[in-house]
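The next block holds one structure in the form of structure tokens; read it before the comments.
The sequence lines fix the lettering, A, B, ..., with proteins before strands; numbering per chain opens at 1.
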2 protein chains.
Amino acid sequence: MVMIPKRPFRPPAVTAREKLLDAAVLLVRAQGFAATSVDQLCGEAGVTKGAFFHHFPSKEALGVAAAQYWSASTGAFFAEAPYHARPDPVDRVLGYIDLRLALIGGQVESFSCVAGTMVQEAFRSSAAIRMACEASIMGNAAALEDDLACAIHQCGVTGTNAMSLARHVQAVIQGAFVLAKTQPEENSANLAREQLAHLRRYFTLLFHRDGEETAP
Amino acid sequence: MVMIPKRPFRPPAVTAREKLLDAAVLLVRAQGFAATSVDQLCGEAGVTKGAFFHHFPSKEALGVAAAQYWSASTGAFFAEAPYHARPDPVDRVLGYIDLRLALIGGQVESFSCVAGTMVQEAFRSSAAIRMACEASIMGNAAALEDDLACAIHQCGVTGTNAMSLARHVQAVIQGAFVLAKTQPEENSANLAREQLAHLRRYFTLLFHRDGEETAP
DNA sequence: ATCAATATACCAACCGGTTGGTATGGTGCA
DNA sequence: TGCACCATACCAACCGGTTGGTATATTGAT
């Protein structure tokens, strides 16, 4: 069992700006970006509207900042994770998947992705938000690329490459969150974990690690 | 190359109700549910607000109806598809994936999923919409279950089951759409196809069809 | 060391426009 | 004559954003 802190990866917020970004992460995960009003964000953050528009020129700008904030938080968390120390690159890749598996639990809004949620609504209406979400998700993928490249080389995998596989990891994670959101609360985590387990199996087959599969 | 009609799988709308449902599919795909206003829906459908609230008691009810409409349209389309006639169950499963691959092209909003988009925003705020989207996505999964069960039996696959694999197909598809939305228009289709190609490879490995992989 | 000048952080009240939704009236077909 | 279908006119609540203003911290010249 892994700790899933309510405000993950960070000390408590102090400035109004940080409180607003925390509120954005919370509310966007639960309701999406469009359905979250500026008043609601201020209420959740315990801050007035004046403070909001002092720190952000528009609601859209907050969306961009929230994606970057999210990216920095999660990026730091995964950079510190202990699986990086494993000697075998395949073990490191599977270690990443296992860590993501361990992070899934409780309500959907506690493990889902802010960038993935936001880009679904804003990809056409706001290029700035779309690009910030792209940077977040692709940044997450890039953090896996080196290990995947080593694993591909070591196992002699052909017909694909590290970047493509890294993106697929993110795709399965995002898809897992979408499926989880279709479920009543008590099933959502299990359904999400099931997807990561299939991804794990794909990788054990690809990297010839048969026999150590976990059954989805 | 496969026909991707602007209004997929259906003859042109005639009644106000159907025109509104078409407008809902179009606008929800492009902007999401919350960001789409009733006025906008009426404008796109060429119908007045009176007609809207004659056919639907609320915007939420339209969301539910749109998910069901979407489900019925796509369900009918895949039920008619020719891959069902293939004798080998693994071929039928791969045929489904290839069909989905062929459907991906052009702008994201022309191949993305209404149910997947809507559930991301509404899963917490509207149980009715959440359940309608669940029915749509899981109905799509169920259409694959029989073929997957045959394939699993035929190839002696252990450690998973048809339902779980069918859900994973949907998860990868939904994840592919999310990733596609992070991209500028010209890359989105390719990125989505890449995910389906990985899914295809997972299945060829699982069902021992190595050698016929398409490179992602 | 002092104090005016300036910048930063924040607040309460307010604005015009838009929102989902309603009340009512007309019209064509059974 | 009745009722499904739709159009027009309208509403209160809420939307993102602006206003004028205050409290506090920082700076720079004396």
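Side chain to side chain, B:Gln120 and A:Glu121 fail the donor-acceptor criterion of an N or O pair below 3.5 Å. Side chains of B:Tyr96 and B:Arg100: a donor-acceptor N/O pair is present below 3.5 angstrom, by distance only. Of the N and O atoms on the side chains of A:Asp147 and A:Tyr83, not one donor lies less than 3.5 Å from an acceptor on the other residue.
Residue A:Arg17 contributes atom CZ, which lies 14 Å from atom C1' of C:dT8 at whole-angstrom precision. Atom P of nucleotide D:dT18 and atom CZ of A:Phe56 are separated by 15 Å, given to the nearest angstrom. With rounding to whole Å, B:Leu20 atom CG is found 14 Å from C:dG21 atom P. Put simply, CG on A:Leu41 is 16 Å from P on D:dC14, counting in whole angstrom units. A:Asp39 places its CG atom 15 Å from the P atom of D:dA13, with the value rounded to the nearest Å. Between the CZ atom of A:Phe52 and the P atom of C:dA9 there is a distance of 16 Å, given to the nearest Å. Going from atom NZ of B:Lys49 over to atom C1' of C:dT19 covers 7 Å, rounded to whole Å. Summarising the geometry, the separation between CD on B:Glu18 and P on D:dC6 is reported as 12 Å, rounded to the nearest angstrom.
With ring centers used as reference points, B:His84 lies 6.0 Å or more from B:Phe78.
Looking at A:Lys59, its side chain has no donor and acceptor atom pair within 3.5 Å of the base of D:dG17.
Relative orientation of the B:His168 and B:Tyr202 rings is perpendicular, given thresholds of 30° and 60° on the angle between their planes.
Listed pair B:His54 / D:dA7 fails the phosphate criterion, with no side-chain N or O lying under 4.0 Å from OP1 or OP2. Listed pair A:His55 / C:dA9 fails the phosphate criterion, with no side-chain N or O lying under 4.0 Å from OP1 or OP2. For the OP1/OP2 pair of C:dT19 and a distance below 4.0 Å, the side-chain nitrogens and oxygens of B:Ser37 include at least one atom meeting the criterion.
When each of C:dG20, C:dA12, D:dT8 is scored by its nearest atom to the side-chain atoms of A:Thr48, the top-ranked nucleotide is C:dA12. If you check D:dT18, C:dC11, C:dT22 against the side chain of A:Phe53, the one that comes closest is D:dT18.
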